[in-house]
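To keep things clear, I will list the structure first and then write my remarks on it.
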Amino acid sequence: MNTVQIKRIYEPKDDSDGFRILVDRLWPRGLKREEAKVDEWLKGVAPSTDLRKWFDHDPEKWEEFRQDYTFELRHCMSAVHDLVDKVKKHKKVTLLYAAQDEKYNHVVVLEKFINNLLQ
């Protein structure tokens, strides 16, 4: 079975990461591309700029953000299928994100969305 995990891009690469996919719309600040060790950058599955700016990692907005982002994912299925294809192709995939907040960020929603599609 293929596994999907999430990790901050600023954490060092590990052998257990498998195929590493950055799923942010913007390149992470202060990180050079060669340091990031990213295998793929899929901007299309990240939240829209407007949604990202509105949310601003505010825990009080989490539920509404989660619902709005899920709605966006359902309406960009081409990008989602690109990600699902990558997951199916590789035994282990790590979705990389730059946000400091490990609990209230889009990758938590994306991981669940992708895992539901894989079942």
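The basis for the numbers below is simple: all heavy atoms, side chains too, and nothing from hydrogens, waters or symmetry mates.
- In this structure, Leu95 CG and Asp17 CG are separated by 11.0 Å, a value rounded to the nearest 0.5 Å.
- By the rule that hydrophobic residues join a cluster once side-chain heavy atoms approach within less than 4.5 Å of another member, Tyr69 and Val4 end up as members of one cluster.
- In the hydrophobic clustering of this structure, Leu42 does not group with Leu22; members are Ile, Leu, Val, Met, Phe, Trp, Tyr whose side-chain heavy atoms approach within less than 4.5 Å, directly or through other members.
- Legend: salt bridge (Lys or Arg N to Asp or Glu O under 4.0 Å) pairs involving residues 52-80, not counting sequence neighbours, sorted by first then second residue: Glu63-Arg66.
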Which pairs of donor and acceptor atoms, one on a side chain in residues 102-117, lie under 3.5 Å apart (sequence neighbours left out)?
| from | atom 1 | to | atom 2 | distance (Å) |
| --- | --- | --- | --- | --- |
| Asn105 | OD1 | Val107 | N | 2.8 |
| Asn105 | ND2 | Asp101 | O | 2.7 |
| Asn105 | ND2 | Glu102 | O | 3.4 |
| His106 | NE2 | Val23 | O | 2.8 |
| His106 | NE2 | Asp24 | OD1 | 3.3 |
| Asn115 | ND2 | Glu111 | O | 3.3 |
| Asn116 | ND2 | Lys112 | O | 3.4 |

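- Between Glu35 atom CD and Tyr10 atom OH the span is 10.5 Å, to the nearest 0.5 Å.
- Annotation: ring pair (Phe, Tyr, Trp, His ring centres under 6.0 Å) contacts of His57 (sequence neighbours excluded): Phe55.
- Side-chain N/O atoms of Asp50 and Ser48 include no donor and acceptor closer than 3.5 Å.
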- Message: Assess the residue pair Val93 and Asn2 against the criterion (side chain to side chain contact (heavy atoms under 4.5 Å, CB included)); give the C-alpha distance rounded to whole Å, side-chain angles, the decisive distance to 0.1 Å, and a yes or no.
- Response: CA-CA 8 Å; Val93 171; Asn2 301 30; over 6 Å; no

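- Under the rule for a ring pair (Phe, Tyr, Trp, His ring centres under 6.0 Å), Trp54 has no partner lying at least two apart in sequence or in another chain.
- The shortest heavy-atom contact between Gly44 and Cys76 is O-SG, 3.8 Å.
- Hydrophobic clustering of Ile, Leu, Val, Met, Phe, Trp and Tyr side chains at less than 4.5 Å, counting indirect connections, keeps Val38 apart from Val45.
- Remark: Thr94 OG1 to Gln5 CD distance equals 3.5 Å, nearest 0.5 Å.
- Note: the hydrophobic cluster containing Ile9 does not contain Phe19 (ILVMFWY, side chain heavy atoms under 4.5 Å, direct or indirect links).
- Distance NZ/Lys37 to CG/Asp39: 11.0 Å, rounded to 0.5 Å.
- Legend: residues meeting ring pair (Phe, Tyr, Trp, His ring centres under 6.0 Å) with Tyr97, ordered by chain and number and at least two apart, are absent.
- How far CH2 of Trp41 is from CZ of Arg20: 14.5 Å, rounded to the nearest 0.5 Å.
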Give every donor-acceptor pair under 3.5 Å between a side-chain atom in residues 83-91 and any protein atom, sequence neighbours left out.
none

- Query: Does the side chain to side chain contact (heavy atoms under 4.5 Å, CB included) test come out yes or no for Lys7 and Asp14, once each step is laid out?
  - Reply: CA-CA 11 Å; Lys7 182 177 185 178; Asp14 189 87; 3.8 Å; yes

